[in-house]
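So the structure is just underneath, and the comments pick up after that.
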Amino acid sequence: MDWSKTKTIFIVVFLILDVFLFFLFLQKYQDTQNSQLPQLSIADQIEEENITISSELPDLDDSKPYLNAESYRFSAEEVSNLAGQNATVRNNRILESSLNTPVDIEDPENPEELTNLLEEFVLYGEQYRFRDYREEENEIVYFQYYEDSTLYFNVNAQLVVTLNDQQQAVSYTQTYLSSLETFSTEQELITPGDALESFYGSGVVEANSRVTNLEIGYFPSFLQAGNNDDSVTGDVQVLTPTYKMTIENGEGSQRDLFINAVDDNIYDMSQVNLDFDQLDEQENDESTE
């Protein structure tokens, strides 16, 4: 054996081992130092990332009650009295109508001509607000509201107007919530700052963003099958106070985020099903029970 070569190999091996152990020690030391550093609170992180709330937000109540509501059942008599259209009712709760004379719409994203005619053509039409224009479906969507609060993304409280290729309103489909009543107990609401922290913590708010608007409406917390006596005419809903927070990122793009204003549960409205057909399925399920 060549002892000189063997000795050299041992020296190199030990040097490599020493370097490896040194780096392990250094990493452990840095981890220890980092763990001893004070962690920034979410509020501090928001400030550090230049996420702000506009000083021009409207003043909102500190508390709101839950709402109780029922799916409205349209009667044949009231539907037959609708003028200038051919209306029918599907499964009692879905009103479908074709207008005898199409209504020209200049701007579907701001359909002033149609909004002004809702009260004339639609049952309880004054209780709906413009929400969105679905360009792919060529539909204008309205949500029902109650005492100045919008009933967000509720398949039982919406009006969908269909346009033709000439950008004219030709038909609509409607559902309606009735018997809206507030619970006797007011619920303390989270603050706008709390809502922003929840959104930031979930990773949906970018740096350099700004909260430009805040509204409070209602979103269904759960559904309860109604019985068929005189006091309950359909599905009973409990509606929860819900914030709609509009956030503008650094590039000027805006998006609406929704959160339970009582328990700060974030809602993903993209997962909400607003297809009227589900009410057909629900009606069929109830009739077989």
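Since the structure is predicted, the reported quantities are computational estimates derived from the model, not experimental observations.
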Would you say the side-chain atoms of E120 pair up with the backbone N or O of L118, donor to acceptor, closer than 3.5 Å? no
I140 and T162, any side-chain heavy atoms less than 4.5 Å apart: no
Just to verify, what does R255 make a salt bridge (charged side-chain N to carboxylate O under 4.0 Å, His left out) with, not counting sequence neighbours? none
Indicate yes or no for a side-chain donor-acceptor contact from D132 to the backbone of R134 under 3.5 Å, with no hydrogens or angles considered. no
Return the minimal non-hydrogen interatomic distance between P241 and Y218, and the atom names on each side. N-CD2, 3.6 Å
Judged by atom type as modelled, is there a donor-acceptor pair below 3.5 Å linking the side chain of N81 to the main-chain atoms of E77? yes
Counting only heavy atoms from other residues, nucleotides and ligands, does the tally under 6.0 Å from CD of E56 exceed 12? no
Counting only N and O atoms by type, is there a donor-acceptor contact under 3.5 Å from the side chain of D194 to the main-chain atoms of I190? no
May I ask you to check whether over 12 heavy atoms, not counting those of D62, lie within 6.0 Å of atom CG? no
Heavy-atom count check: over 12 atoms from other residues, nucleotides or ligands less than 6.0 Å from E109 CD? no
Should the heavy atoms of other residues, nucleotides or ligands under 6.0 Å from CD of E78 be counted, would the total exceed 12? yes
Establish, yes or no, whether the cationic atom of R131 lies under 6.0 Å from the six-membered ring centre of Y142 and within 45° of the ring axis. no
Donor-acceptor pair, D107 side chain versus P111 backbone, under 3.5 Å? no
Evaluate the side-chain proximity of Y172 to L95: yes if any heavy-atom separation is below 4.5 Å, no if none is. yes
Is Y243 close to L60 at the side-chain level, that is, under 4.5 Å between some pair of heavy atoms? yes
D275 side chain to Q278 backbone, donor-acceptor under 3.5 Å: no
Under 30°, 30 to 60°, or over 60°: which ring-plane class applies to F258 and F153, parallel, tilted or perpendicular? perpendicular
Heavy-atom pair of closest approach, residues I94 and L279: CD1-CB, 3.8 Å
Begin with the C-alpha distance, continue with both residues' side-chain angles, and end with the deciding distance and a verdict on side-chain contact (heavy atoms from CB on, under 4.5 Å) for F276 and Q158. CA-CA 9 Å; F276 290 110; Q158 64 175 340; 3.5 Å; yes
Donor-acceptor under 3.5 Å (Q168 side chain, I105 main chain): no
Is a side-chain donor or acceptor of Q174 paired with a backbone partner of L123 at a separation under 3.5 angstrom? yes
Close side-chain approach of L180 and L239, heavy atoms under 4.5 Å: yes
For residues F143 and Y152, establish whether the separation of their ring centroids is below 6.0 Å. no
Could you check whether Y124 and Y176 have their ring centres less than 6.0 Å apart? yes
Note: M245 and L196 closest approach over all heavy atoms is CE-N, 4.2 Å
Please determine whether the number of non-hydrogen atoms from other residues, nucleotides or ligands lying under 6.0 Å from atom CD of Q187 exceeds 12. yes
Please confirm whether the backbone N or O of V155 pairs with a side-chain atom of T175, one donor and one acceptor, at under 3.5 Å? yes
Among residues at least two apart in sequence or on other chains, which ones pass ring pair (Phe, Tyr, Trp, His ring centres under 6.0 Å) with F74? Y72
Pair L189, K64 - check side-chain contact (heavy atoms from CB on, under 4.5 Å), show working. CA-CA 7 Å; L189 305 182; K64 275 272 193 184; 3.9 Å; yes
Would you say Q167's side chain and E106's backbone share a donor-acceptor pair under 3.5 angstrom? yes
Taking atom CD of E113 as the centre, does the number of heavy atoms from other residues, nucleotides or ligands within less than 6.0 Å exceed 12? yes
Any non-hydrogen side-chain atom of F199 less than 4.5 Å from a side-chain atom of I259? yes
